[in-house]
Amino acid sequence: MSANLDKTYNHHDVERRWSSAHWESEGIYEAESRNVTDGGKKPYTVLMPPPNVTGSLTLGHVLNHTLQDIFIRYQRMSGREALWLPGTDHAGIATQTVVEKKLRAQGISRYDLGRKEFLDHVWQWREEYGGLILRQLRTLGISCDWRRNLFTMDQSASKAVRHTFIRLYRDGLIYRGKRIINWCPVSQTALSDEEVIMKSRKDKLVYVRYPLANREGEYITIATVRPETILADVAIAVNPDDPRYAGLIGEYAVVPVAGRHVPIIADDYVDRQFGTGALKITPAHDPNDFDVAARHNLPVLSVVGRDGKMTDEFGYAGMDRFDAREKIITDLDNRGNLVRVEDYEHNVGYSERADVVVEPYLSEQWFVRMEPLAEKALQAVNDGGVRFHPSHWINTYRHWMENIRDWCISRQLWWGHRIPAWYDQEGNIWVSESYEEACHLAGTDKLVQDEDVLDTWFSSWLWPLTTLGWEGGQEANDDLQAFYPTDTLVTGPDIIFFWVARMIMAGLYFRGDVPFRDVYFTSIIRDMKGRKLSKSLGNSPDPLKVMETYGTDALRFTIVYIAPLGQDVLFGEEKCEFGRNFATKIWNATRLVFIQREKVFGSMKSFEDAYRIFSPDQTLLSDAQRWILGRYHTVLAAYHKAFSQFRLNDITRLIYDFFRSDYCDWYLETLKIELACKEDEQEKRHAVMLAVSLLEGILQVLHPVMPFITEELWHHILERSEHESIARSDMPRSDEHWTGESVQDRFSPVMNVISEARSLRAVFGVPNDMKAGLVLGVPDKEKRDVFSANSQYVTEMTGCMLEVADGSLERPPHSASSVVDGNELFMPLEGLISFDKEIARLEKELGNVSSYVKKMEKKLANKGFTDNAPPDVVEGERAKLQEARNNLEKLQTNLSVLCE
RNA sequence: GGGUGAUUAGCUCAGUUGGUUAGAGCGCUACCUUGACAUGGUAGAGGUCAGAGGUUCGACUCCUCUAUCACCCACCA
């Protein structure tokens, strides 16, 4: 028999044997559109959130991709054409930064190289290092269709980007305009609002007085946190209803240092309560001021450049904006303009990537008009066309959609999709697919292409379409036809605006249908102290190391087990002991089953022949076997239900509890006894096959979570070729026959007696090697027969000879006693019994039961309860009371005997 | 300033439409290694379910308020 297992489980061997590379060559994970269109099988599609090419594997990826893999494997085993689309994202700023840094180490700047040569370097870098994250993900055992791997800068995806840009431009949804945008002085590019992180920051609120131009000795005082921008002031604004300043409106103030005369204007925007109620207006450096200035036809002056350094001619030029701030406070003080300085804590926008304070910056940028897109995308979610799990994220989504602002999509970078717009010498804009086409449209070949590239998310929002081969046209290819819309998107709630919402917009706009049906928002992983995982804190375990130490299956199982839907997760790598121990347990339990199989069947061949046609035979089933079949099918039903509710941590709990408690601790123990005691060969063979078939089912339901060990063990169930995979086997379904009301559970009472007897042994310290006696009084004839039929299990599992008597038995002398399911259980303990201990034990139990009885009596005496509660509930409570009274009576009798 | 989530055993968490004497894992205590497994087994200790009201015959579960923590959104300088 070749099928026996090594004594110890070695996850390295198993993971190597059933690696991603192995299955890629077998094509196990590939999906075909023709299987959908021809056969009519309902497909199931998952879209991988493309990791950044610069990325390396984090625990966030592990959780995210494990969940996706679980969904896809479950559906694949459920018979659907399951397609998981992988890919990577070019990640504009991140990648460009990495390559620039590398070049800088060699003393080269990107400007030395020029645009084209620099991009060659980036592509080369991507060739060398860009595949890392996908290789790492493969070690996780994820089952993507790798043939369809897409990079957001691939030709087809780039074509789609150009086409969608052109279409939105022609539809009037993309425009170019001079606006105040968020500027990152480090990356030196515009950012979208979403790329700005608000952080609390301690600053100074500086009160500055401006002399009035025409009133000698009079001043108006303003408060600002950015005194360095005073140099670009174009007005002072006050609230029109503010009596303090009513007389000053229309006057002029002199800007300190700059000496410029600026008007004092009235605008509702000004809050009378804040500061002095007078606000300096600096349109180039504050979006609100920009609006105010626009309303009052004021000029726009700028004193901070794209590198965050001062550009003015008042002696600050070239200074960093924060240094200039310090200096101007001193200068204002020297000139007698400084009134006072207060500590002030407020929220300031930081660049997501570079982590520096963003500069509101006036520049020409491209924008997407979002309102028309948002309207439909909001409706799709409100109508349930897209469902969120957990659903409370709808509130966040709705709020963003209802307050949406235009999306700044141009970036002053080189790495990315270049904006397909050309300018002629008059400055007219020609948006088109190519230079040639633009020339044709413009009627000249003197065109210059826009220097900027598009926001990375401008390609990401097309991901559901581009991964299926869409290039921006109206036509649909086979893949789109078959697999769009996709089914489940698994992603973090942190990119709900960046990505999820925009994909919904793009899907609806370009294809007229939502891009996915369900969105599963993953947990955020934190360390054991609840802090976010970060490189700088050093609290981020390396998943590859964790997999190496504990096993990939162990990591996958553990992380799903501890990650409930919609809750943060506290992770420490030692938690993986849990998953590792479980894997070991599975291995060992399987060994037991196989050892028994070998004993009974001798050769694998004779087992296989019988097993292939096996189904449980009613006439051969023991009570224990009926019980485990009932449990198995109950758990299966709950398992499938949990999947339909996206409760993946539930499925791990279900399997864990069932396997450990029911299958191993109880059922396998009964199996040993049955095989040891049964004479009949047919019964033995039947028992083994049942054990194997249950095990096979367990391996299958566990396979989506622990793909490696289940694959390995499944190949030992029968002799299967290495081309076959459990991933393509049929997921077991729950059979109501075994869970229905008519299937009587005769084994649980036996289990209860066993537990109680073990407890008595433990409490009284009965030595392990001492065979004790056990007497069970069962008044009910039918029940008595059940215990008699199963007495062997009790005897074997407790080390106590069980004697089943009727209800009229006498209490054996010197015995410990207990009541189990209304039946009296005695354990004669001549010489071992401590009367004090027994009395204490019985008294404690008596106390519990009598207070319970009182509680129940009170409940049932309450007319409100008996009248209002459903009859079956009342009936149930009556039965409980009856049983408790019965127990109480017996406990009292036993106690009184002892106390005599 | 708005919004969301959390608060259950020493620790980490389950508890699915209100009816269980409130569960698990880890940790702890006791006992148990001659064939599945000590990465294990058996038994046990340990909780006024954050607090206060309310709805109900009945609340860990529903409502209101409070406290603490976390996160998201927000153009008052």
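Given the structure is predicted, the values throughout are model-derived calculations rather than measurements. Residue numbers begin at 1 in each chain, while the letters A, B, ... track the order of the sequences.
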When you check the phosphate oxygens OP1 and OP2 of [N], does a side-chain N or O of [X] lie under 4.0 Å from one of them?
X: A/K858; N: B/C57; answer: no
X: A/Y344; N: B/A77; answer: yes
X: A/R761; N: B/C32; answer: no
X: A/R580; N: B/C26; answer: no
X: A/K859; N: B/U21; answer: no
X: A/N288; N: B/C75; answer: no

Looking at every strand, decide which applies to [X] at a 4.0 Å heavy-atom threshold: base, sugar-phosphate, or nothing.
X: A/N395; value: sugar-phosphate
X: A/N862; value: sugar-phosphate
X: A/P870; value: base
X: A/S759; value: sugar-phosphate

Salt-bridge criterion met for [X] and [Y] (N-O under 4.0 Å):
X: A/R841; Y: A/E838; value: yes
X: A/R179; Y: A/D406; value: no
X: A/K880; Y: A/E877; value: yes

>> Is a donor from one side chain sitting under 3.5 angstrom from an acceptor on the other, for A/D553 and A/H11?
In response: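 No, no side-chain donor-acceptor pair sits under 3.5 Å.
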>> Using heavy-atom distances to pick each residue's nearest nucleotide on RNA chain B, tell me which of A/R758 and A/T590 is more 5'.
In response: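 It is A/T590, whose closest nucleotide lies nearer the 5' terminus.
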> Does B/U33 adopt a syn or an anti glycosidic conformation, taking syn as a chi angle within 90° of 0?
Replying inline: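 Chi for B/U33 falls in the syn range.
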> Going by modelled atom types, is there a donor-acceptor pair between the base of B/A36 and the side chain of A/K7 at under 3.5 Å?
Replying inline: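 There is none.
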> What about A/Q273, does its side chain sit under 3.5 Å from the base of B/A77 through a donor-acceptor pair?
Replying inline: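 No such pair is found, so the answer is no.
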>> With the stacking rule set at 5.5 Å and 30°, tell me whether A/Y852 counts as stacking on B/U21.
In response: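 So yes, this residue stacks on that base, both cut-offs being met.
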Side chain of [X] (C-beta onward), nearest among [options]:
X: A/R591; options: B/U16, B/A36, B/G25; value: B/A36
X: A/N768; options: B/C75, B/A43, B/C32; value: B/C32
X: A/C664; options: B/A77, B/A36, B/A70; value: B/A36
X: A/D650; options: B/G40, B/U16, B/G19; value: B/U16
X: A/N581; options: B/G40, B/C73, B/A77; value: B/G40

> How would RNA chain B look in dot-bracket form, 5' to 3', counting Watson-Crick and G-U wobble pairs with both distances under 3.5 Å and writing | for bases paired to another strand?
Replying inline: (((((((..((((.....[...)))).(((((.......))))).....(((((..]....))))))))))))....
> Roughly how far apart, to the nearest Å, are B/A22 and B/C60 at atom P?
Replying inline: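 About 10 Å, rounded to a whole number of Å.
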